[in-house]
A.B. asks: 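Please find one structure pasted underneath; my questions will follow.
Starting from 1, each residue takes its place in the sequence as its number. Because the structure is predicted, anything quoted here is derived from the model rather than measured.
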Amino acid sequence: MAGRPLSYLASVPVDRVKNIGPARAKALAGVDIYSVADLLLHVPRRYLDRSQLYELAVVPLGEEVTVAGTVTAVRKRRISRGRTMIDAVIRDGTDSLTAVWFNPYLRIREDTQIILSGKVERFRGRLQMKSPAIDSVDQDSLITGRVVPIHPAIGGFKPDRLREAIANALDRSRPIADTIPEDIIERAGLISRDDAIANIHFPESQQLADMARSRLVFDELFRLQVALARQQHILVNKAIGVAHDGLGSLLPAFLGALPYTLTGAQERVITEICADMKKPHPMHRLLQGEVGSGKTVVAIAAMLTAIQGGYQGAVMAPTEVLAEQHFLSIDFILKIAGLKSATVDLSASDDTKSLFGQASDEVQPQVRLALLTANSAEVNFLPSGTVSRENVLAWIADGTVDLVVGTHTLIQKDLMFYRLGAAVVDEQHRFGVYQRVSLRDKAEGYDPDLLIMTATPIPRTLAMTLYGDLDLSLLDEMPPGRSPVHTSHIVPDKDNLEEVYDFVRRQVAAGRQIFVVCPLVDDSDKLEAVSATAEFNRLKKVFPRLKLGLLHGQMRPSDKEEVMAAFRERRIDLLVSTSVIEVGIDMPNASVMIVEDADRFGLSQLHQLRGRVGRAEHISYCFLVARPSTMEAERRISAMVASNDGFYLAERDLEIRGQGTVFGTQQAGMKDLKLADILRDKELLISARCEAFALIERDPELTAHSDLSEEIRTLLGEDVAWLFVS
């Protein structure tokens with residue numbers, strides 16, 4: 001390679017740059033700038049074009065402009081609160097202008113020629129600039145007479161000092177080597193990396209700045225796509241999977257016992273999954289479906305395919321609330337399908353092993369289900385509260401438990417599976433690649449089949465970035481009889497709320513049921529319970545004639561199921577709940593969803609909550625009670641009112657929340673996309689993906705591109721290091 005690669009510059013501490021000492025290095029570390037590479041990739045957020053000099057006689061008012069002239073007068077004086085003001089008059093032969101600074105350390109002399117950049121206003125009939133940037137005419141300025149970079153702010157680090165530091169780093173780093181093959185860069189029509197990094201910071205024109213940005217965006221996306229292509233290659237060509245034969249009575253018994261007909265989309269996706277699971281390499285599939293499209297049934301079918309062959313299944317959810325809800329939902333579906341395990345006497349040694357794989361035609365197959373989180377341990381074959389965490393861990397390890405639902409607990413070191421054959425990761429956008437890899441590693445000597453499941457519709461561009469290594473299954477058909485939900489934003493005041501409450505009374509009188517959801521004010525389960533309880537007690541006074549129920553995350557799973565059973569049997573008119581009902585709840589008679597303090601919920605969560613109603617032929621309604629205090633919250637509420645379309649909301653959610661990280665999690669790992677915007681840079685994303693996958697097909701081990709391999713490992717960090725270990 002000609003020049004210094006980014007992987008090398010990433011090893012050079014930022015305090016090696018001229019004029020960056022320990023204090024400034026500490027400020028830079030606060031925004032994850034530790035190395036020279038980090039500093040060079042800290043790109044401007046926008047530019048000001050100061051390359052055009054205006055004559056004072058025709059200078060536009062109120063715009064950022066650059067002017068030049070001779071200093072004809074300078075005055076320095078004290079003003080209020082001990083401040084010092086300096087004003088200077090400059091002339092350019094067409095007019096004069098007064099520049100004003102509140103800076104006692106500014107040095108400016110008469111009869112010198114200077115360049116000023118800033119906004120020109122009229123003050124008492126004369127042209128004036130307040131606190132303009134200043135340089136002498138013959139100085140090779142970083143901030144005047146050119147397109148000027150405006151970098152993201154760093155606490156305690158002034159913009160001019162930051163620009164100087166970047167200029168110093170750039171001077172000592174160039175030439176910067178290209179690690180992407182030259183033929184790829186030519187096909188993409190991009191400039192060199194050395195030119196790109198130079199011109200992203202100090203371009204001679206806006207056109208060069210745009211060309212530099214395109215190249216660096218391509219680099220970011222290409223690195224990610226190479227990592228994804230490498231991962232797919234390992235999974236398809238190297239990983240040893242389980243070739244499930246698809247024989248056994250469990251899955252047919254489950255599908256045959258369901259009291260409703262599957263949609264065409266569910267049947268298609270189950271067929272795709274079963275075909276994948278018969279192959280010798282592990283399944284790696286993304287299941288995407290709208291709220292209420294029936295993903296849980298599909299996921300159970302996948303796990304039963306593994307269980308009937310003598311393996312185990314696992315579901316990993318991002319929160320305890322979601323894990324507990326999955327446990328209850330799966331237990332309920334198994335029950336109505338006739339597959340729920342009967343209570344057993346575990347003191348008898350013959351009962352301590354799973355029956356699956358041994359079931360004959362005379363024995364009704366059953367599924368032993370467990371829940372394991374940081375705070376909960378339950379099974380469906382013993383009464384709630386009678387088992388310990390140690391019991392559940394032991395039963396998972398010896399095969400007593402066929403299917404386990406949990407959180408990150410499932411990837412902890414103290415949990416060992418007997419024979420994990422299929423794993424489901426729910427709401428994948430809340431996990432990173434590292435978590436699903438860790439779950440995969442729970443099987444020794446082979447990789448279990450992996451189904452990634454999300455109810456949050458994903459724009460194609462995001463799917464290509466986050467899940468480019470996965471096959472896609474789409475549940476694009478809703479069960480018959482669903483009706484659209486009418487959504488309204490209610491600003492809470494006495495009159496507005498009373499109108500909503502009157503509407504609730506009329507709905508209950510018509511035989512419908514109501515959800516009222518309170519926000520998670522804090523991560524504490526106790527605070528969550530208090531919030532829901534307070535609202536429950538308040539609403540009992542508002543609706544003295546209605547039957548109210550209460551549901552929150554502090555309750556035991558069995559107590560939650562008792563409340564849900566009462567709601568399902570219409571012994572409860574109005575259920576006050578936290579977001580424990582976000583997924584897996586199917587109550588066709590519920591027609592009204594009221595979300596209190598809706599501005600505290602994310603857009604995807606609001607969409608999930610709204611999906612709890614509109615599940616039958618009844619016209620349904622969602623009231624978002626909120627007084628948004630931020631622009632982001634207002635945009636979320638407006639998007640919900642505007643549309644029921646999950647893909648539309650996914651686009652809006654992506655715009656509002658940002659793109660996050662691809663590898664790793666929000667809590668650990670670098671931000672992968674610093675410059676790229678996958679909505680705006682769709683064409684570059686497609687180009688980068690095509691080139692990356694073609695490169696891995698030609699050179700799967702990157703043996704001929706070791707410099708590129710090193711760069712990806714260095715810039716993306718330990719989260720992807722495993723991809724490059726043979």
Side-chain angles (χ1 to χ4, degrees), residues 290-292 455-457 459 482-508 510 512-522 528 531-532 534-536 538-539 542-543 546 548 551 573-583 585 587 590-616 618-658:
E290 267 281 21
V291 176
T456 304
R482 298 296 174 91
S483 60
V485 181
H486 301 276
T487 305
S488 302
H489 175 204
I490 304 297
V491 178
D493 61 43
K494 184 176 180 180
D495 292 338
N496 286 348
L497 288 177
E498 193 54 47
E499 287 184 19
V500 173
Y501 295 155
D502 284 342
F503 183 79
V504 165
R505 296 182 185 99
R506 293 195 297 272
Q507 286 286 300
V508 173
R512 305 285 80 78
Q513 290 167 285
I514 316 298
F515 285 113
V516 177
V517 176
C518 304
L520 297 177
V521 185
D522 196 281
E528 174 188 334
S531 174
E535 184 67 359
F536 172 73
R538 188 184 73 83
L539 290 179
V542 175
F543 303 112
L546 302 187
L548 272 64
L551 191 70
D573 299 316
L574 187 152
L575 181 62
V576 180
S577 173
T578 60
S579 60
V580 68
I581 66 162
E582 182 180 344
V583 298
I585 299 295
M587 299 291 176
S591 64
V592 177
M593 167 65 67
I594 300 174
V595 183
E596 300 283 358
D597 293 329
D599 53 310
R600 299 193 181 188
F601 292 89
L603 187 52
S604 62
Q605 195 173 26
L606 289 173
H607 183 54
Q608 291 265 25
L609 290 170
R610 181 170 59 184
R612 299 311 107 201
V613 296
R615 303 174 79 88
H618 315 299
I619 298 175
S620 297
Y621 305 86
C622 178
F623 298 104
L624 304 175
V625 181
R627 187 176 280 110
S629 57
T630 66
M631 181 64 70
E632 289 78 8
E634 289 182 5
R635 293 174 67 188
R636 290 195 299 271
I637 299 296
S638 297
M640 284 290 294
V641 173
S643 179
N644 282 276
D645 184 341
F647 283 94
Y648 167 84
L649 295 176
E651 294 275 359
R652 301 290 78 72
D653 194 33
L654 187 59
E655 292 174 359
I656 295 168
R657 289 191 304 119

A.B. asks: Quick one: CZ on R600 to CG on L606, what's the gap to the nearest 0.5 Å?
C.D. replies: 13.0 Å

A.B. asks: Just verifying a value: how many Å separate C622 SG and H607 NE2, rounded to the nearest 0.5 Å?
C.D. replies: 11.0 Å

A.B. asks: Are any side-chain N or O atoms of D599 and backbone N or O atoms of A626, one a donor and one an acceptor, separated by less than 3.5 Å?
C.D. replies: no

A.B. asks: Let me confirm one number: the NE2-CG distance from H489 to N496, rounded to the nearest 0.5 Å.
C.D. replies: 9.5 Å

A.B. asks: Would you mind reporting whether E596 and S531 have side-chain heavy atoms less than 4.5 Å apart?
C.D. replies: no

A.B. asks: What heavy-atom pair brings F601 and P519 nearest, and what distance separates the two atoms?
C.D. replies: CZ-CA, 3.1 Å

A.B. asks: Measure the spacing between CZ of R612 and OG of S579 and express it to the nearest 0.5 Å.
C.D. replies: 11.5 Å

A.B. asks: A side-chain contact here means heavy atoms from C-beta on lying under 4.5 Å apart; do E632 and R636 qualify?
C.D. replies: yes

A.B. asks: Are L575 and L551 close enough that some pair of their side-chain heavy atoms sits under 4.5 Å apart?
C.D. replies: yes

A.B. asks: Could you walk me through whether M587 and Q513 satisfy the side chain to side chain contact (heavy atoms under 4.5 Å, CB included) test, starting with their C-alpha distance in whole Å, then the side-chain angles of each, then the deciding distance to 0.1 Å, before giving a yes or no?
C.D. replies: CA-CA 9 Å; M587 299 291 176; Q513 290 167 285; 5.7 Å; no

A.B. asks: On a heavy-atom basis, which atom in V500 and which in I594 lie closest, and how many Å separate them?
C.D. replies: CG1-CD1, 3.8 Å

A.B. asks: Taking the side chain as C-beta and beyond, is there a heavy-atom pair between V592 and F623 under 4.5 Å?
C.D. replies: yes

A.B. asks: If you look at every heavy atom in M593 and V517, which pair is closest and at what distance?
C.D. replies: SD-CG2, 3.5 Å

A.B. asks: Calculate, to the nearest 0.5 Å, the distance between atoms CG and CZ belonging to D573 and R512 respectively.
C.D. replies: 11.5 Å

A.B. asks: Please check if the side chain of R627 supplies one atom and the backbone of P492 the other of a donor-acceptor pair under 3.5 Å.
C.D. replies: yes

A.B. asks: Could you report the tightest heavy-atom contact between V542 and R505, atom names first, then the distance?
C.D. replies: O-NH2, 3.1 Å

A.B. asks: Could you walk me through whether V516 and L574 pass side chain to side chain contact (heavy atoms under 4.5 Å, CB included), step by step?
C.D. replies: CA-CA 7 Å; V516 177; L574 187 152; 3.8 Å; yes

A.B. asks: Looking only at atom types and distance, does a side-chain atom of S620 sit under 3.5 Å from a main-chain N or O of H618, one as donor and one as acceptor?
C.D. replies: yes

A.B. asks: Do R610 and L649 come within less than 4.5 Å of each other through their side chains, counting heavy atoms only?
C.D. replies: yes

A.B. asks: Give, for atom CD of E499 and atom CD1 of I490, the distance between the pair rounded to the nearest 0.5 Å.
C.D. replies: 7.5 Å

A.B. asks: Which atom pair, heavy atoms only, marks the closest approach of I637 to L624?
C.D. replies: CD1-CD1, 4.2 Å

A.B. asks: Give a yes/no verdict on a cation-pi contact between R652 and Y648, requiring under 6.0 Å between NZ or CZ and the six-membered ring centre and an angle within 45° of the axis.
C.D. replies: yes

A.B. asks: Work out which heavy atom in F543 is nearest to a heavy atom in L548; give both atom names and the distance.
C.D. replies: O-CD1, 4.1 Å

